[in-house]
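Written out below as structure tokens is the structure these notes cover.
To find a chain, count down the sequence lines: A is the first, B the second, and so on, and within it residues start at 1. Values below: all heavy atoms of this structure, side chains included; hydrogens, waters and symmetry mates excluded.
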2 protein chains.
Amino acid sequence: MFRTNESFYSFIEDLYNQPALRDQISLKVYDKGDFLLQQGDTLARVLIIREGIAKCYSTEDNGKDFIRQFMGKGQQVGDLEVIKGIKCMNNVQAITPLTAFAVAVPYFRHLYSTNLKFSSILMEELADRLIITDTKATLQQLYTLEHSLRKLLELMEIQQLTISKEDMASYLGISVRSLNRILKTL
Amino acid sequence: MFRTNESFYSFIEDLYNQPALRDQISLKVYDKGDFLLQQGDTLARVLIIREGIAKCYSTEDNGKDFIRQFMGKGQQVGDLEVIKGIKCMNNVQAITPLTAFAVAVPYFRHLYSTNLKFSSILMEELADRLIITDTKATLQQLYTLEHSLRKLLELMEIQQLTISKEDMASYLGISVRSLNRILKTL
DNA sequence: CGTAATCCGGGACAATTGTCCTTTTTTGAA
DNA sequence: TTCAAAAAAGGACAATTGTCCCGGATTACG
């Protein structure tokens, strides 16, 4: 469900607490519903969530949304884009009040290309994300919706997370009508 | 369709050509149909494809296969598993005759944790793979099969790649029956 | 060249899912 | 508390996809 990364969080928090780095790392505050980033944006800063939860999704040509993941403490927004030097691919929107550390792009680049600890944390994070992404795709391609939905509800229960039915449907890549139907059958 | 990574290939080839590193990097040869790796294996070496094409897929509890990607020159097999320290998650099987560089795991670890050039190539590769994976998942969740199939056929045409209908179906996450049906309608 | 075994395509039916629209529930203001 | 507006739920139908299975084509081998 929503992912966190404590190592990343600690690392960035330490940096934030160093007065010398205050122009490289700032703190941003968002209300529920605010966008941290939108498709097509050029990145000025990489954000690392300090507190709160956001949804990361893309809006396709056909008007449908697909939620890739829910992001929690220590998750980064925009890292891929900086590594690849491209514009923002997804919308990232707060679904709770949220605060985030904002790291200037050149400094972020400096970190992962010179700091081995940082680059190893980043590499692990990318690897994790790949595994999760693959797992999710497989789950949704090869199993029944009922199966996927049960998994999702379990995770929401464990993480004490409440999300709207619309978001649940977008996460599963189905219509709200189908979601309701399956919920009925347990 | 199938991916390649020239930077990775060159980097590894250079190492392979250094006599001092011959016990760290060897060359392996596979026939069509041979497994480079199977789900559950413990990794002894990370493989980098030198020539040929392999399919990377997982077999699920329900007996279905899901092909994640087709891998060509310069693609690595087992990198994620080494980074995360886990057992092999996918089956990787040659679909053409294939040769690969085999890098000892400790040396691979040494490379990405001490060599900045290598770790930056690796990081770019992971980022690319994430983007591709996300794109594929979105395509298959939000668009019609006909749309996905057209894309697949285009890529096969461009890359001059022929794959079996069974593999095409596994790649798209559908049954061969459905694939045939859509092929009929163009 | 003939026969059996295997493979592949497609018909028929059932199950699943989306779209559209009506009904029910919830919300908010007077 | 009441009623209108908005949101959520669900019925009906159509489209899509999977499962099962049959029949024609291909292959292998005597």
Counting side-chain heavy atoms from C-beta on, which of C:dT17, C:dG10, D:dT17 comes nearest to B:L145? D:dT17
Write down the distance between CD (B:E166) and P (C:dC8), rounded to a whole number of angstrom. 8 Å
So, is A:K184 near the phosphate of D:dG10, with a side-chain N or O under 4.0 Å from OP1 or OP2? yes
Ring-face cation of A:R68 near A:Y171 (centre distance under 6.0 Å, axis angle within 45°): no
A:K165 side-chain N/O to D:dA9 phosphate OP1/OP2 under 4.0 Å: yes
Is there a donor N/O on one and an acceptor N/O on the other, under 3.5 Å, for the side chain of B:R181 and the base of C:dG9? no
Between D:dT17 (P) and B:H147 (NE2): distance, integer Å: 14 Å
Any chain of hydrophobic side-chain contacts (each under 4.5 Å) joining A:L47 to A:L21? yes
Whole Å only: how far is the CG atom of B:L142 from the P atom of C:dT19? 11 Å
Minimum-distance pair of heavy atoms, taken over all atoms of B:M71 and B:Q76: CE-O, 3.0 Å
Atom pair distance, as rounded to whole Å: CG in B:L149 and P in D:dT17: 11 Å
Taking CG from A:L172 and C1' from C:dT16, how many angstroms apart are they, rounded to a whole number? 15 Å
Using whole Å, what does the distance between atom C1' of nucleotide C:dA15 and atom CD of A:E146 come to? 13 Å
Measure from the side-chain N and O atoms of A:N5 to the backbone N and O of A:S7, and report whether any donor-acceptor pair falls under 3.5 Å. yes
Rounded to the nearest Å, what distance is computed from the CE atom of residue A:M168 to the C1' atom of nucleotide D:dA9? 15 Å
Atom CD1 of A:I174 to atom C1' of D:dT16: distance rounded to whole Å? 15 Å
